[in-house]
> 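Dropping the structure in here first, questions after.
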Amino acid sequence: MNVDYADRPQQSNWSVGLCKCGEDVTTCCITCFLPCITFGRIAEVVDEGRNSCLSHSIVYGLLCTMQCQWVYSCMYRQRLRQKFVLPDEPCGDCCVHFCCEPCALCQEHAELKSRGFNPSNPSKGCIGPPTAAPQVPPSMIK
């Protein structure tokens, strides 16, 4: 059986290692003290703006009270990896988030930044600047 893998995208590497969270001090501090903010920013970009940063942050914060936020965040790590064809390393997504949640969130945030997204302002990172001004029908012009 011949399988053609020509259409399959090549796997790329993470732009930043898992334990390099101190390189962006601002993100590192926010993630250590308010991980729900960093997660919300990441999730909004990965979701392509379908849900807001605030809604993701609230769900994450509520799950923190039960110590199971890592389950929610590992699902978004998996989606991020699939979107950019990144390897499942150093171990599985859920294992990474369970063992080192802050480092995983910082790595994902850095990955989005390196790919041109702006997770610190997700609405701009998802949508970007408008390409053309909206057309106004002649009947609406005074």
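One is the number of the first residue; the rest follow in order along the sequence. Given the structure is predicted, the values throughout are model-derived calculations rather than measurements.
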> Do you reckon Met66 sits in the same ILVMFWY cluster as Val59, going by side-chain contacts under 4.5 Å, direct or chained?
yes
> Can you name the one residue among Glu108, Arg79, Gln78 that meets side-chain contact (heavy atoms from CB on, under 4.5 Å) with Val46?
Arg79
> To the nearest 0.5 Å, what is the distance between CD on Gln107 and OG on Ser114?
10.0 Å
> Is the SG-SG separation for the cysteine pair Cys64 and Cys36 below 2.5 Å?
no
> For residues Pro90 and Leu18, determine if any side-chain heavy atom of one lies less than 4.5 Å from a side-chain heavy atom of the other.
yes
> How many angstroms lie between atom CD of Glu101 and atom SG of Cys74, to the nearest 0.5 angstrom?
9.0 Å
> Are the side chain of Trp14 and the backbone N or O of Glu111 linked by a donor-acceptor pair below 3.5 Å?
no
> Can you list every ring pair (Phe, Tyr, Trp, His ring centres under 6.0 Å) pair that touches residues 88-107, not counting sequence neighbours?
Trp70-Phe98
> Treating Ser55 as the side-chain partner and Asn51 as the backbone partner, does any N or O pair qualify as donor plus acceptor under 3.5 Å?
no
> Taking all atoms of both residues into account, what is the closest heavy-atom pair of Ala110 and Ser15, and its distance?
O-OG, 3.9 Å
> A side-chain contact here means heavy atoms from C-beta on lying under 4.5 Å apart; do Arg41 and Thr27 qualify?
no
> Is it true that Arg115 and Ser12 share a donor-acceptor pair across their side chains at a distance under 3.5 Å?
yes
> Please lay out, stage by stage, how Asp47 and His56 fare under the test side chain to side chain contact (heavy atoms under 4.5 Å, CB included).
CA-CA 10 Å; Asp47 250 358; His56 286 296; 2.9 Å; yes
> Between Phe39 and Tyr76, is the gap from one ring center to the other below 6.0 Å?
yes
> Taking all atoms of both residues into account, what is the closest heavy-atom pair of Leu86 and Leu80, and its distance?
CD1-O, 4.3 Å
> Between Val96 and Cys91, is a side chain to side chain contact (heavy atoms under 4.5 Å, CB included) present by the stated rule, with each step listed?
CA-CA 6 Å; Val96 168; Cys91 52; 3.7 Å; yes
> Decide yes or no for Asp24 and Cys106: does some side-chain heavy atom of the first lie under 4.5 Å from some side-chain heavy atom of the second?
no
> May I have the step-by-step check of salt bridge (Lys or Arg N to Asp or Glu O under 4.0 Å) for Glu48 and Lys83, ending in yes or no?
CA-CA 11 Å; Glu48 298 173 352; Lys83 186 174 199 156; 2.9 Å; yes
> Between Glu44 and Ser52, is any side-chain donor less than 3.5 angstrom from a side-chain acceptor?
no
> Quick test of your reading: applying salt bridge (charged side-chain N to carboxylate O under 4.0 Å, His left out), list the pairs with at least one residue in residues 60-76, sequence neighbours left out, ordered by first then second residue.
none
> Carefully, step by step, assess Leu112 and Phe84 under the rule side chain to side chain contact (heavy atoms under 4.5 Å, CB included).
CA-CA 10 Å; Leu112 290 172; Phe84 298 116; 3.8 Å; yes
> Run through Ile37, Thr31, Ile30 and flag the one making a side-chain contact (heavy atoms from CB on, under 4.5 Å) with Leu105.
Thr31
> Would you list the pairs meeting salt bridge (charged side-chain N to carboxylate O under 4.0 Å, His left out) in which at least one residue belongs to residues 91-100, sequence neighbours left out?
Arg77-Asp93, Arg81-Asp93
